[in-house]
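Worksheet: the structure to be examined is printed underneath.
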Amino acid sequence: MSSFWLLKSEPSVFSIDDLAKSPHQTTCWEGVRNYQARNFLRAMAVGDQVFFYHSNADPPAIVGIAKIVKAAYPDYFSWDSSSKYFDKKSSPENPAWSMVDVKFVEKFPTPLPLDELRIVKGLESMELLRKGSRLSVQPVRKEEWNIILKLAQV
DNA sequence: GCCAACGTTGGC
DNA sequence: GCCAACGTTGGC
């Protein structure tokens, strides 16, 4: 059974439009440097679906859907000393960090802003809406996924 | 630009 | 193992 997730990205760095324009509409999700987020990446399976969220945006919003097309593998940027994602803890022999490949599925006709999601019944316990939530990779419950999907397709 | 809510680092 | 200092995220 496939699972549901949410990935945050700053649109000024990498937006959903950037994903749609990428070769094969696919990108590797590099640069996650938080253990909890990494563990969620490692739990992802091919076919899992993902909400694409724009953080540090105006307004911050869920803007579309992507899917996992390659399960977790070593984030080789972590041992590239010229990369901004370099981490001396990581090496090819002992990779500390993981990434997945993500493919564009759809962009919502209208984004779903954070402040609108906050008042939707059934989303009260969503990680995204938790005060102080900073996780850039987070699981989404099936019920939450369905509620949000319905909101997006009005 | 501010600042709350984190996670990480390193001295002890 | 504790915890202060520091760095980062991300909404506002």
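Each chain gets a letter, A, B and so on, in the order the sequences are listed, and its residues count up from 1. Worth knowing before you read on, the calculation uses all heavy atoms, side chains too, and leaves out hydrogens, waters and symmetry mates. Because the structure is a prediction, the values reported are computed rather than measured.
- Inter-residue side-chain proximity for Glu30(A) and Ser78(A) is flagged as unmet; no heavy-atom pair is nearer than 4.5 Å.
- One interatomic measurement links the two molecules: CZ of Arg118(A) to C1' of dG10(C), which rounds to 11 Å at whole-angstrom precision.
- Rounded to whole Å, the distance from CG on Asp115(A) to P on dC12(C) is 7 Å.
- Through direct or relayed side-chain contacts under 4.5 Å between Ile, Leu, Val, Met, Phe, Trp and Tyr, Val69(A) connects to no other residue.
- Checked by atom type, the side-chain pair Tyr85(A)/Asp80(A) shows no donor-acceptor distance below 3.5 Å.
- Not one side-chain nitrogen or oxygen of Tyr53(A) sits closer than 4.0 Å to the OP1 or OP2 atom of dT9(C).
- Nucleotide dT9(B) holds its C1' atom 9 Å from the NZ atom of Lys88(A), rounded to whole Å.
- Residues Tyr76(A) and Pro95(A) form no side-chain contact, since every pair of their non-hydrogen atoms from C-beta on lies 4.5 Å or further apart.
- Looking only at side-chain heavy atoms (C-beta outward), Val32(A) and Met99(A) stay at 4.5 Å or farther from each other.
- Residue contacts shown for Arg33(A) are absent, as no nucleic acid heavy atom lies under 4.0 Å away.
- In this structure, Lys8(A) atom NZ and dG10(C) atom P are separated by 4 Å, rounded to whole Å.
- Side-chain contact check for Glu116(A) versus Val120(A): every heavy-atom pair is 4.5 Å or farther apart.
- Atom P of nucleotide dC12(C) and atom NZ of Lys131(A) are separated by 11 Å, given to the nearest angstrom.
- Regarding Leu129(A), its CG atom lies at a distance of 17 Å from the C1' atom of dT9(C), rounded to whole Å.
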Hey, what are the protein-to-nucleotides 2-7 of chain C N/O distances that come in under 3.5 Å?
none

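- Rounded to whole Å, the distance from CD on Glu116(A) to C1' on dC12(C) is 17 Å.
- When the side-chain nitrogen and oxygen atoms of Lys89(A) are compared with OP1 and OP2 of dT9(B), one or more of them lie within a distance under 4.0 Å.
- Taking atom CD of Gln36(A) as the reference point, atom P of dT9(C) lies 15 Å away to the nearest angstrom.
- Residues Asn94(A) and Ser91(A) have side chains that never bring a donor and an acceptor to within less than 3.5 angstrom of each other.
- Side-chain N or O atoms of Lys142(A) include none that pairs as donor or acceptor with a backbone N or O of Phe4(A) at under 3.5 Å.
- Between Trp145(A) and Ile65(A), some side-chain heavy-atom pair lies under the 4.5 Å cut-off.
- The stretch residues 91-102 of chain A has no heavy atom under 4.0 Å from DNA chain C, so no residue of it qualifies as close.
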